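Accompanying notes for the structure given below.
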Amino acid sequence: MELTDDLAQATADLDEYGYCLLTCPIPEDELHAVQKRLAEVMQQERDDGTAFLYENDNQRVFSLLNKGTEFADLVANGAVFRVMEHLLGYNFMLSSTHANVAGPGGASMNLHADQTFARPPWPPYALVANSMWMLDEFTDANGATRIVPGSHRWNRQPDYLSGEGNTETVPVCGPAGSVMVFDGRLWHQTGQNTTGGEYRRGILNYYCRGYIRQQQNFFVGLDQAVLDRATPRMRRLLGWENYLSLGMLDGLP
Ligand SMILES: O=C(O)CCC(=O)C(=O)O
C-alpha cells in the first residue's frame, strides 16, 4: 500500500483493506524527540529492573503519557484523530498508549484482532481501532507488523482450531514516522525480527468507541501533571468528557 497524506484516500483504504498508511504527520524534530525519549525510558526501565521484556529481547513500555511530554502530541495528532473519527465516530476515546519494541531475534506474535474482548457476533463496524507509529523504519526483516488485508470484513477473530492462526500475512513496511491506522477487526501480529541487531520501535495508540471500557485505567493511573497540561481534545480522549448519558457527574454532563 502507498503512503498517503490525503485523508480521503486514507479512509477509503481503511474501508477497503482495514488499514491505511499515513505519511509522517509530525515535523522531523518532534519525531526525533519522541525517538530519543522512548530510548531513554526503555533503557531506564531495563536499568531499574522494571522493564517488561518478552520473546527474547522484545520490550513493551506502558503508560507513555506519564513517561514523557513528547508522547501527548502523537495521541492527539490531528491527522490520526480525523481518520479515527471515521472509524469510531462521535466522542471516541483513547484506550491505551504504549510502545512495542521487536528486538533482535524476537518471535512473532499470535495472529489476532484487537476487539477480541467483544463476544460474537460483532456488529458490522469497528468497536476499537489502533495506530502504529513507526519510530524506526519498519521492514520485513526487523519485525514490521504483519496483517491479513481485508480480514476486517470477515468480522470475527481467527479460528485457531481450524488453523486460521496460520493465515498468510503481509508485512506493513514504511519509513520512520509513518503511521499505520487499522480497524479493530483486522487480523494482525508483530512480525519476527530476524536481524542480528536492529530494534523495531513502534508506539501503539489504541482508541475505542465512547461507550467501550478503556484498556488503560486513566482515572486511577494518570499523573495529575498530565491532566493539568491536557488540551480540551486530550481531556476528551482520556474520558474526562461525557458520551451522551454515559460518564455523567451528579446527573449532569
Ligand atoms: O507490534 C506490533 O507490530 C503489533 C502489536 C500487537 O498487535 C499488539 O500488541 O496487540
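Numbers here simply count residues along the sequence, with the first being 1. Everything numeric in this text was worked out from a predicted model, so none of it was measured. Below, each value reflects all heavy atoms present in this structure, side chains not excepted, and no hydrogens, waters or symmetry copies. Just follow the structure's listing: the first ligand is 1, and inside any ligand the first atom is 1.
Atoms CG and CE, on Asn142 and Met134 in that order, are 10.0 Å from each other to the nearest 0.5 Å. In this structure, the separation between CD on Gln189 and CE on Met109 is 9.0 Å, given to the nearest 0.5 Å.
If you look at ligand 1, the protein residues with a non-hydrogen atom under 4.0 Å away are Arg60, Asn100, Met109, His112, Asp114, Met132, Thr145, His188, Thr190, Arg200, Leu204.
When the ring-ring contact (aromatic ring centres under 6.0 Å, His included) test is applied to Phe92, the partners found at least two apart in sequence or on another chain are Phe81, Tyr207.
Under 3.5 Å, the side chains of Tyr54 and Asn100 contain a donor-acceptor pair of N or O atoms.
Within a 6.0 Å sphere centred on OH of Tyr206, heavy atoms belonging to other residues, nucleotides or ligands number more than 12.
The one candidate from Tyr19, Phe182, Phe138 that meets the side chain to side chain contact (heavy atoms under 4.5 Å, CB included) condition with Val172 is Tyr19.
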